[in-house]
Every structure is written in C-alpha cells, then in structure tokens.
Visitor: 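Here it is: the structure, laid out below.
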2 protein chains.
Amino acid sequence: MTPQSIPVTATSIVDAIAADLRARMFSGELTADTPLTETDMAAAYNVARPTVKAAIERLVAEGLLVRGLHKTARVAALGPAAVSDIYHARAYLESEILRRLARTRLVPTDAVAANAEIGRLSEGTPTDLIEPDIRFHLSLIDAVGSDRMSKMYRSLMSEVRLCMNRVQSLNLLAPGLIYAEHERILELIAAGEGDAAAALLDDHLGRARERLIKALGGEPGPQADAPTDLLARS
Amino acid sequence: MTPQSIPVTATSIVDAIAADLRARMFSGELTADTPLTETDMAAAYNVARPTVKAAIERLVAEGLLVRGLHKTARVAALGPAAVSDIYHARAYLESEILRRLARTRLVPTDAVAANAEIGRLSEGTPTDLIEPDIRFHLSLIDAVGSDRMSKMYRSLMSEVRLCMNRVQSLNLLAPGLIYAEHERILELIAAGEGDAAAALLDDHLGRARERLIKALGGEPGPQADAPTDLLARS
DNA sequence: CTTGTGAACTTGTTAGACAATATTCAGGAC
DNA sequence: GTCCTGAATATTGTCTAACAAGTTCACAAG
C-alpha cells in the first residue's frame, strides 16, 4: 500500500512527498502546530520549492495542514470543536450506511475479520487497536460500493488519525467493550435491525467523541450545534 | 463566542482562476471532455503556467476535472455510473440529516424560503429551478451545523451541477411535483417523522437519478455500478 | 493490416528572481 | 516598566526560462 522508498522516485514526486508527510503526521513525528516552511521542506527532500509547495497544498485541501495567505503551513491542531464536528460527521455517514446494510442483511467479511483482530489484541497496547478499528469502520462504508462515500469517510478518518496522536494517554479505548459493541453491530445488521444498529453506533461514536474531547482538555458539550437560523414551523 | 468569520475576501490569483473555471463549467461554456491545456490557459488568463497549473490541480482534487499523469486535464465527463454514485451518496448524507432534523422538529428557514421560490417559478424554464433546488437541499444540510458535512455535500452538488449542463433537454424536472415533495419533506420534519422524511427523500432523489441517467443514455440500474473511468489518480 | 519509429506537443520539475505580505525585534513615548 | 511604532528579516505568491520525461499522432516499414 504505502510506497516504501523515502527517495522520491516512485510515481510523482509531489505524490511521494505528500504521502511521506501524511505518514509522518500519523506516526506522531510531526505534531500539531509544527510549521512546514516551504524552503526548509524543499531542502529536506532535496527538491525545488514549487514541488513541495504542491504537496503542501494538497494536504491543506485534505484538512491535515492549515495555512493562511502568506503564512507558513502548520500541522492542523484539531481542537475539541473539530473533534466534535468530525465525530458527528462520522456518525451521520456511518449510521445511514448501517441502515442500508441492514436492509440487505449483508455483513461485510472484512469487518468481521477486522473485529476478530480486535478481539485477539485485547492484551496489546491501546495504540495497536487504532488500525484494526479504522479498518472495521472503513469496511462497513466500503461495503455499499460508493466511491464517493468511501472517499469522504477516509478523509474523516485521516483527521481522526491526526488528532489521535495528540493524546498520549490512549486509555480512551476499552478493547473488550469495543470488540463487543462491534460484534453487536454486526449482529444487528444480520438481523435486519437498522434502527438499532444506527442507535448503537451513535452511542459508540458519541462516547469515543466525548473521551477524546476530554483528553484534549475541552468541554464535552453534547451538542452545541446549529444555534441560529432555525425556526419551528407550525 | 465566535472570534473569526469576518468576511474578508482574501483572494489569490489561483483562487480567482479556479473560481472562474468552475463558473464556466457550471454555465456550460466548458463542456465535458474539453481539454484544458496548461499553456493555453496560462495564455488566456495572462498568467504563468505554474499558476494555472495550481488552479487545475485544485479542480482535479474536487473531481470537476480529470487528468492522468502527463496527460492534459479535461472537464470530467460524468457518465451514468458517476451520476448513480453521486445521487446515492446524496441520499446517504441527506436522509440521515432529515432524521436528525426531525428529532428536534426544527425546519430551516432557508429551506422554506428556497422552496417558496420554487413554487413561484413553476412557470419558468426548468433551468431556473436548479439554483433554488440546490439551495433547498443545502439549507437542510447546513442546518445541522457541521462544517464537514456541508463541505462534503457541496462537493457532491458541484458535480451535480457539472453533469446537469450535459443534458440540454432539462425536462427531467417537474416543477410542481418538486415543490410539493419538498413541502411534504418539511412537514414531516416538523411532525418529527424522520423515517417518513428519509423514505420520501430517497424516492425523490432516486427518481431524479433515474431520469438523469436516462437522459445521459445509460441504464438506470437500481444499484450495482461497475466502476468505470473514475479518478485515474494513482 | 499491423507494427514500430520519430517528431510535435504537453506535462513534471528545476532554478533563480522579484514583489507583497507577515513576523520579529529594536527603539522611543508615556 | 509597558505599550506603541517602525524598520529589518523571513516567508510566501508569482513570474520567467528552461530542460527532462512522457504522450499522441502521423507515417513509413514489414
């Protein structure tokens, strides 16, 4: 999957640099608010400035970097508000997906395999659970076969991975509970109970959201969305 | 509470060119498969090639242009498979949104206004209905207050606008019916009947999808899209 | 008719440069 | 001492010119 050679000769240099920067952000080497000066990056990768500039702009479009006009790009510092938005969006996308899967009672085999791996890793460190957990949710989305849905959800998950390495104390994951809830979700899909599956997922993601926000030092406000612009219609 | 959001239009040349190209694609001036050669565009806009290159790459990331390595970028030719994918994704996003809105029984005022405009335009040409129709659906999404959901839905709608001008015979829109169904959706939200609202929207978008696919000369298969020439990016 | 060869065109990337803007830091006013 | 002001520095936005690498198409050879 990941292009292995750090020397940037694989496909497109811009692609390679963007992929490398992404990996370094996910691995925690590049922490939040780390500035990525174009000239420095160009020197580090031994390429010209426009090349690394294109890679940076791509990551800005993905939301992993932030930059203002004439300002140095920095690794996005996803705060409580961003985490809340990301997890709400995840819930919106995935709960509807569960309803559709439940209609056909189709249980993706990849999701089963990913959760089985989570079950086996109950003794490992919480960090090891991140990858299989992401695979579990991604396989559910991919099962509906919509390229655009998969792409959108992957974009959200990349932001999740970015803010995951902000909290060193990853005790926000309870392996046994996660495994059990995933398993229950798969059962509800097989049983055709879409509403129950969606409700459980809402709870599942809602608790993860609150824990992550608390770990980031924010107030876990249950909603705090849509304050204006709404009117009851009689 | 919100410290930012002062609408200063800090515009760069790249942004301006990207916006202009987008507008020209939506207006139908740039039709599907139109090649956008970098040197030609640079000459047309009287800017350097890297500048227009950045604008093109941005539109490629948005899915409005397609390009292979070392190949000229062209306006995306959204075929039946792409339209099916786009409308399914729309349904996934928006039906869940309707369920959440119905829980609080809050009807966005912008959606009411947009549909009222549709009602007044029942005599106009079908093309005039596109803008208010898009505004109607966008206001529903925006009402939940998730920046990422709004961004994702806007991305889908930009693709919709792009393939709209491929079909000159826009008789796929029945103004009266659209107005009535929109109104019914708002009523169901106000009544707290999320399931019914989601089901009606599914039908609403499903019929629009089939008409559009038929107008593009494809088979309106209910699901099961064979991935064709989507996103040649490596 | 198929297959290769080559020229023309286009993009990928580099180098250096200049202008515009942001940031920083020193110095002066109170 | 603190705050404001302004110049020096740093960084990005954009341009010009150029070369390398790849694609497309016409055309000739088999």
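Keep in mind that what you see is a predicted model, and the values were worked out from it rather than measured.
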Visitor: State which residues pass side-chain hydrogen bond (donor to acceptor under 3.5 Å, both in side chains) with A:R154; sequence neighbours excluded, sorted by chain then number.
Guide: A:D142
Visitor: Between B:T72 and C:dT11, is there a side-chain N or O to OP1/OP2 distance below 4.0 Å?
Guide: yes
Visitor: Excluding sequence neighbours, so at least two apart, what forms salt bridge (charged side-chain N to carboxylate O under 4.0 Å, His left out) with B:R49?
Guide: B:E38
Visitor: Kindly state each residue pair satisfying ring-ring contact (aromatic ring centres under 6.0 Å, His included) with at least one member in residues 131-158 of chain A, sequence neighbours excluded.
Guide: A:F136-A:H182, A:H137-A:H182, A:H137-A:H204
Visitor: Can you give the first and last nucleotides of DNA chain D, 5' to 3', that have an atom under 4.0 Å from a heavy atom of chain B?
Guide: D:dT14 to D:dT24
Visitor: Quick one: salt bridge (charged side-chain N to carboxylate O under 4.0 Å, His left out) partners of B:R148, sequence neighbours excluded?
Guide: A:D85, A:E159
Visitor: Which residues satisfy the salt bridge (charged side-chain N to carboxylate O under 4.0 Å, His left out) test with A:D202, sequence neighbours excluded?
Guide: B:R100, B:R103
Visitor: Would you mind writing out the side-chain donor-acceptor pairs for residues 28-37 of chain A within the sub-3.5 Å range, not counting sequence neighbours?
Guide:
| unit_1 | atom_1 | unit_2 | atom_2 | d |
| --- | --- | --- | --- | --- |
| A:E29 | OE2 | A:R24 | NE | 3.1 |
| A:E29 | OE2 | A:R24 | NH2 | 3.3 |
| A:T31 | OG1 | A:T34 | OG1 | 3.2 |
| A:T34 | OG1 | A:T31 | N | 3.3 |
| A:T34 | OG1 | A:T31 | O | 2.6 |

Visitor: For every nucleotide of nucleotides 12-18 of chain C, 5' to 3': is a protein heavy atom under 4.0 Å from its base (B), only from its sugar-phosphate (S), or from neither (-)?
Guide: BBB--B-
Visitor: For B:R161, which residues count as a side-chain contact (heavy atoms from CB on, under 4.5 Å) partner, sequence neighbours excluded?
Guide: B:F26, B:E131, B:I134
Visitor: Any salt bridge between A:R58 and B:E57, counting N to O under 4.0 Å?
Guide: no
